Q: 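Take a look at the following structure, please.
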Amino acid sequence: MAVQSVEPSTTSVDLGPAAALSCRECGERFDLGPIFACALCFGPLEVAYELPADGSEALRKRIEDGPANIWRYAPLLPVPADVADKPSLNPGLTKLVKADNLARELGVTGGLYVKDDSGNPTHSFKDRVVAIAVEAARAFGFTTLSCSSTGNLAGAVGAAAARAGFKSCVFIPHDLEAGKVVMAAVYGGDLVGIEGTYDDVNRFCSELIGDPLGEGWGFVNVNLRPYYGEGSKTLAYEICEQLGWRLPDQIVVPIASGSQLTKIDKGLKELVALGLVEDRPYKIFGAQAEGCSPVARAFKDGHDVVRPVKPDTIAKSLAIGNPADGPYVLDIARRTGGAVEDVSDPEIVDAIRLLARTEGIFAETAGGVTVGVTRKLIESGLLDPSLTTVVLNTGDGLKTLDAVAAGPTVTIRPSLAAFRDAGLAAV
Amino acid sequence: MSVTVRIPTILRTYTGGKAEVSAEGATLADVLRSLEENHAGIAARVLDDAGKLRRFVNVYVNDDDVRFEQGLQTPTPDGSAVSVIPAVAGG
Ligand SMILES: Cc1ncc(COP(=O)(O)O)c(C=O)c1O
Ligand SMILES: [Zn+2]
């Protein structure tokens with residue numbers, strides 16, 4: 001009889017302040033375990049907390065005195081209290097770059113910042129979510145880490161598994177960018193290319209979980225998803241801490257499944273509830289590529305369901321045609337007064353170049369989508385240039401070199417005469 | 001018309017732990033009715049109060065997401081494989 005591959009161990013699970021899982025749709029609560037969908041309504045489960053009892057001053061100090069990585073926020077995450085002592089890639093505390101040159105170019109006067117998550121150990125924000133999922137995998141006794149991935153997650157899982165002493169086997173669409181495939185393969189785990197899109201890979205992994213073939217495997221974004229998702233809250237925490245414990249007015253976030261955007265909102269709300277930042281309105285904007293823009297489409301059409309699409313874009317990291325958190329992204333964009341917008345492939349390439357040439361930050365295609373959408377939102381008046389704005393760069397351009405393939409401006413012999421003749425000299 | 005239905009772990013309490021069961025029907029709606037006859041209670045988990053597919057459940061007929069097809073009216077020819085899967089986020 002093929003029952004649930006691993007029974008949730010309800011006793012002796014130490015995930016710090018995490019108290020239970022609760023259904024985001026109907027509120028039903030479940031014991032902490034490797035489960036991810038509500039048994040009543042299929043709604044996504046998320047972590048519910050026993051929040052720290054420290055006053056906000058004490059908690060702020062505890063965070064500021066903590067390690068220079070995401071574990072400084074351990075009191076707000078589903079991880080054991082001694083998490084910082086365990087083998088981990090220790091992602092986080094990436095730079096919040098004040099992007100004055102880009103601001104000038106885009107006409108932003110209220111302060112523009114790029115949260116540059118390409119500075120994480122495997123060069124994408126996925127190291128944050130994986131680090132949390134690894135702690136859940138440990139707590140539930142899994143020995144193999146797995147995932148379905150559009151590329152970045154695969155690399156993050158391979159690396160984190162290697163460091164933390166897990167086996168790994170990750171699944172990707174067979175036709176990803178070379179940079180992502182190499183990064184996913186180098187850490188020594190198994191890498192399986194699937195003939196199909198991410199949505200096909202995801203469906204396959206979901207079936208594997210209910211089958212004896214996947215017994216004992218922790219899929220970071222499937223059966224460990226409630227914990228995984230919490231990692232994205234650290235982006236919200238860091239942005240506010242780096243702004244001097246202040247909420248930004250506007251944030252622009254790339255969307256694939258919508259998980260990251262949803263959890264950034266959760267993180268901001270928690271900071272307000274804990275008294276760590278002053279409550280004031282903020283707007284969250286979502287960014288998609290035109291070739292895979294089901295959430296932007298639904299937003300513009302005024303729908304609250306997202307109709308899946310077959311992706312066709314150079315922004316492969318965002319190429320999820322059936323985004324599970326799409327309805328929540330729509331809710332958040334509408335509730336906060338934000339929007340969801342999309343840009344074409346040429347606009348993505350332009351935006352990658354714009355960010356590189358103004359701020360010296362080389363983004364992968366997802367960053368191009370985000371910067372491109374920011375520009376478009378300013379032009380259409382949806383994003384207010386007089387407000388403090390944070391744009392996320394979630395991945396490194398070295399992983400998607402083909403998008404901006406370029407060579408030397410000119411190639412010359414190593415002589416001063418040749419240099420002068422090339423027309424680049426000062427005089 | 002006979003089809004096989006893959007049951008996700010959270011619904012296997014209705015199928016006595018079975019991961020796969022057979023059902024009858026010419027459309028997905030018929031198949032769900034047939035499932036309900038043999039496994040009382042299962043339809044209310046997959047469909048909302050208005051009788052529509054719940055928003056966090058994905059249903060596939062032979063690898064095709066039924067939202068690309070005709071939803072509950074999607075044909076289920078003899079021998080089809082129907083898969084019911086919770087939506088999953090994060091990639
Ligand atoms: C670089 C990058 N940015 C953003 C995302 C979007 O993440 P989410 O699925 O949480 O919306 C991904 C997802 O794979 C990604 O690789
Ligand atoms: Zn529920």
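Every chain is numbered from 1, with letters handed out A, B, ... down the list of sequences. Here the structure is a predicted model, which is why all the values come from computation and not from measurement.
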Q: Could you list which of residues 73-88 of chain B have a heavy atom closer than 4.5 Å to any heavy atom of chain A, in residue-number order?
A: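 Residues of residues 73-88 of chain B touching chain A at under 4.5 Å: B/Ser83, B/Val84, B/Ile85, B/Pro86, B/Ala87, B/Val88.
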Q: Tell me, side chain or backbone of A/Phe204 under 4.5 Å from chain B's heavy atoms, or both, or neither?
A: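 Neither part.
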Q: Among A/Ala324, A/Ala154, A/Ala319, which residue has the highest count of heavy-atom pairs closer than 4.5 Å to chain B?
A: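 With the most close heavy-atom pairs to chain B, the winner is A/Ala324.
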Q: Where does B/Ile7 contact chain A at under 4.5 Å (heavy atoms): side chain, backbone, both or neither?
A: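 Neither part.
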Q: Name the region of A/Leu40, side chain, backbone, both or neither, that has any atom closer than 4.5 Å to a heavy atom of chain B.
A: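 It is both, since atoms from each part get that close.
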Q: Of the backbone (N, CA, C, O) and the side chain (C-beta and beyond), which part of A/Cys38 lies under 4.5 Å from a heavy atom of chain B, both, or neither?
A: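 For A/Cys38, backbone heavy atoms alone lie under 4.5 Å from chain B.
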Q: Hey, what do you get for CG (A/Asp211) to CZ (B/Arg6), rounding to the nearest 0.5 Å?
A: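 Nearest 0.5 Å value for the CG-CZ distance: 5.5 Å.
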Q: Would you indicate whether A/Asp331, at its atom CG, is surrounded by more than 12 heavy atoms from other residues, nucleotides or ligands within a distance under 6.0 Å?
A: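 Atom CG in A/Asp331 is packed in, count exceeds 12.
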Q: Go through A/Pro308, A/Pro327, A/Gly43 and name the one with the most non-hydrogen pairs under 4.5 angstrom from chain B.
A: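 Of the candidates given, the most pairs with chain B belong to A/Pro308.
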Q: Need one label for A/Asn202: side chain, backbone, both or neither, based on atoms under 4.5 Å from any heavy atom in chain B.
A: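 Side chain only.
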Q: By a 4.5 Å heavy-atom criterion (distance strictly below it), what part of A/Cys147 contacts chain B: side chain, backbone, both, or neither?
A: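 Interface part for A/Cys147: neither.
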Q: So which part of A/Pro323 gets closer than 4.5 Å to some heavy atom of chain B, the side chain, the backbone, both or neither?
A: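 Neither part.
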Q: Please flag which part of A/Lys310 lies under 4.5 Å from any non-hydrogen atom of chain B: side chain, backbone, both or neither.
A: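 Both backbone and side chain of A/Lys310 come within 4.5 Å of chain B.
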Q: May I ask you to list the residues in residues 40-67 of chain B that approach chain A closer than 4.5 angstrom, counting heavy atoms only, ordered by number?
A: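 Near chain A, by residue number: B/Arg45, B/Val46, B/Arg54, B/Arg55, B/Phe56, B/Val57, B/Asn58, B/Tyr60, B/Asp63, B/Asp65, B/Arg67.
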Q: With sequence neighbours left out, what residues match A/Ala333 under side-chain contact (heavy atoms from CB on, under 4.5 Å)?
A: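 Expected list: A/Phe299, A/Val340.
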Q: Heavy-atom cut-off 4.5 Å, strictly under: side chain, backbone, both or neither for A/Val220 against chain B?
A: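 For A/Val220, neither part sits under 4.5 Å from chain B.
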Q: What residues of residues 256-263 of chain A sit under 4.5 Å from chain B when only non-hydrogen atoms are counted?
A: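 The residues closer than 4.5 Å to chain B, in numerical order, are A/Ser257, A/Ser259.
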Q: Between A/Asp199, A/Asn322, A/Val201, which residue shows the highest count of heavy-atom pairs closer than 4.5 Å to chain B?
A: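 Ranked by heavy-atom pairs under 4.5 Å with chain B, first place is A/Asn322.
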Q: Examine whether an atom of A/Val222 lies under 4.5 Å from a heavy atom of chain B, and if so say whether it belongs to the side chain, the backbone or both; otherwise answer neither.
A: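 Both parts, backbone and side chain.
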